[in-house]
Student: 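Encoded as structure tokens, here's the structure I'll be asking about.
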Amino acid sequence: MRRKLIAGNWKMNGSLAANGNLLASIKAGLPGSACDVAVCVPAVYLAQTQSELSGSKIAWGGQDVSAHESGAYTGEVSATMLRDVGCRYVIVGHSERRSYHNESDEVVARKALRAAASGLTPIICVGESLEERESGETDEVVARQIDAVLAVMDEESLKGVVVAYEPVWAIGTGKTATPQMAQDVHAFLRQRLGAKSVVAGEKVRILYGGSMKPDNAKELLSMPDIDGGLIGGASLKASDFLAIVNAA
Ligand code: 13P
């Protein structure tokens, strides 16, 4: 059985004061037998998150990582640095980075590889735009995105990654994929992973992201290939985030 993972993606939100409250409330409200829980916070707040969450059951992670190891890459954060502040996870290839920072499938794959090589668990995001869905290209798009990762990763690294299916049209819009729509893409992605490595096909957790909220989480999380959620807006409110954790 794959253990469910609920990960918050705070995106570019927060402040020292607000984060302190949010993290304390999540920590205090976390149910005893929770699934795996993580928060992915802006890089400048990772040290704060580490000091707030050390010793708790909640893991933390970054929202992006450099494809390079170290050196003259102004503004970038390396996988080793993320490890240094205790990160377990890092999001790579979020659609906001693919579209606003022109990250190609190849760059995303290199980032995922660098993260895995440094001992981080990459949360690799894939997903189609509205236009792509409406023209029937969903499978083709997510296949291209995941295949770039499969091309560079060996079986050993692949087993440890997390994939997040985030249809772009559902992100921050309040529109959610129906559980069946999401399940179909998750099953397709699992089959793709399984074709490269049977073990990866069975082990890799595939999260759903895109307007997952307390009122739709249970239905989505009950689908056989939906192994958790990557939560944007609802991860900024402790009660909503905890309600989703409780639904997992
Ligand atoms: P929302 O939950 O705000 O739609 O964001 C989803 C997302 O992009 C998580 O990475």
Side-chain angles (χ1 to χ4, degrees), residues 4-14 18-19 22 26 35-43 45-46 49 58-65 82 87-101 103 108 111-112 115 120-130 132-133 138 141-142 145-146 149 161-179 181-182 185-186 189 205-221 223 226-248:
K4 287 208 165 41
L5 167 64
I6 300 296
N9 173 9
W10 290 5
K11 308 193 180 184
M12 198 172 72
N13 293 291
N19 306 343
L22 179 54
I26 295 172
C35 55
D36 288 348
V37 178
V39 289
C40 295
V41 311
Y45 297 127
L46 282 167
T49 303
I58 308 164
W60 56 96
Q63 299 176 3
D64 182 32
V65 65
L82 293 176
C87 289
R88 181 172 310 160
Y89 298 97
V90 64
I91 297 170
V92 296
H94 192 280
S95 64
E96 287 149 19
R97 296 215 56 89
R98 291 179 188 264
S99 57
Y100 308 146
H101 300 270
E103 289 191 13
V108 172
K111 289 183 171 194
L120 290 163
T121 298
I123 301 176
I124 304 159
C125 301
V126 300
E128 82 288 1
S129 66
L130 184 60
E132 289 161 341
R133 172 156 289 265
T138 299
V141 171
V142 300
Q145 292 169 331
I146 201 71
V149 175
V161 310
V162 171
V163 172
Y165 168 55
E166 299 208 308
V168 178
W169 49 270
I171 295 177
T173 57
K175 285 189 208 155
T176 326
T178 64
M181 276 161 88
V185 180
H186 283 230
L189 286 165
R205 292 183 286 189
I206 307 178
L207 315 183
Y208 170 80
S211 301
M212 193 186 268
K213 308 279 181 210
D215 63 356
N216 60 27
K218 187 126 206 133
E219 241 195 320
L220 285 159
L221 292 166
M223 301 310 279
I226 301 186
D227 307 312
L230 185 56
I231 322 297
S235 73
L236 298 172
K237 201 172 151 199
S239 57
D240 283 358
F241 188 62
L242 287 166
I244 296 172
V245 168
N246 273 306

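Numbering of ligands and ligand atoms starts at 1, following listing order. All values reported here derive from a predicted model rather than from experimental measurement.
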Student: Identify, for atom 2 (O) of ligand 1, the protein heavy atom at the shortest distance, and state residue, atom and that distance.
Tutor: Gly232 N, 2.9 Å
Student: In Å and rounded to the nearest 0.5 Å, what is the CD to SG distance from Glu96 to Cys125?
Tutor: 9.0 Å
Student: Can you find an N/O atom of Lys213 closer than 3.5 Å to an N/O atom of ligand 1?
Tutor: no
Student: Flag Glu96 as yes when one of its N or O atoms lies below 3.5 Å from any N or O atom of ligand 1, and as no otherwise.
Tutor: no
Student: Please report the interatomic distance CG(Leu120) to NZ(Lys111), rounded to the nearest 0.5 Å.
Tutor: 13.5 Å
Student: Could you state the interatomic distance from CE (Met212) to OG (Ser235), rounded to the nearest 0.5 Å?
Tutor: 12.0 Å
Student: Numbering the atoms of ligand 1 from 1, which are under 4.0 Å from a heavy atom of Gly233?
Tutor: 1 (P), 2 (O), 3 (O)
Student: With heavy-atom distances below 4.0 Å as the criterion, list the atoms of ligand 1 near Ser211.
Tutor: 1 (P), 2 (O), 4 (O)
Student: Using side-chain heavy atoms (C-beta onward) and a distance below 4.5 Å, is Met223 in contact with His186?
Tutor: no
Student: Lys11 versus ligand 1: do any nitrogen or oxygen atoms come within less than 3.5 Å of each other?
Tutor: yes
Student: Are any of the N/O atoms in Ile231 less than 3.5 Å from those in ligand 1?
Tutor: no
Student: Between Ile171 and ligand 1, which part of the residue brings a heavy atom under 4.0 Å of the ligand: side chain, backbone, both or neither?
Tutor: both
Student: Does Gly232 offer a backbone N or O that forms a donor-acceptor pair with the side chain of Asn9 under 3.5 Å?
Tutor: no
Student: Atom NZ in Lys237, atom CD1 in Ile244: separation rounded to 0.5 Å?
Tutor: 11.0 Å
Student: Would you kindly say whether His94 and Glu166 are connected by a side-chain donor-acceptor distance under 3.5 Å?
Tutor: yes
Student: Taking C-beta and beyond as the side chain, do Leu230 and Val162 meet within less than 4.5 Å on heavy atoms?
Tutor: no
Student: Yes or no: does Ala170 have any heavy atom under 4.0 Å from an atom of ligand 1?
Tutor: yes
Student: What protein heavy atom is closest to atom 7 (C) of ligand 1, reported as residue, atom name and distance in Å?
Tutor: Glu166 OE2, 3.2 Å
Student: Check this for me - ligand 1, Gly172, N or O atoms closer than 3.5 angstrom, yes or no?
Tutor: yes
Student: What do you reckon, does Gly210 have a nitrogen or oxygen under 3.5 Å from a nitrogen or oxygen of ligand 1?
Tutor: no
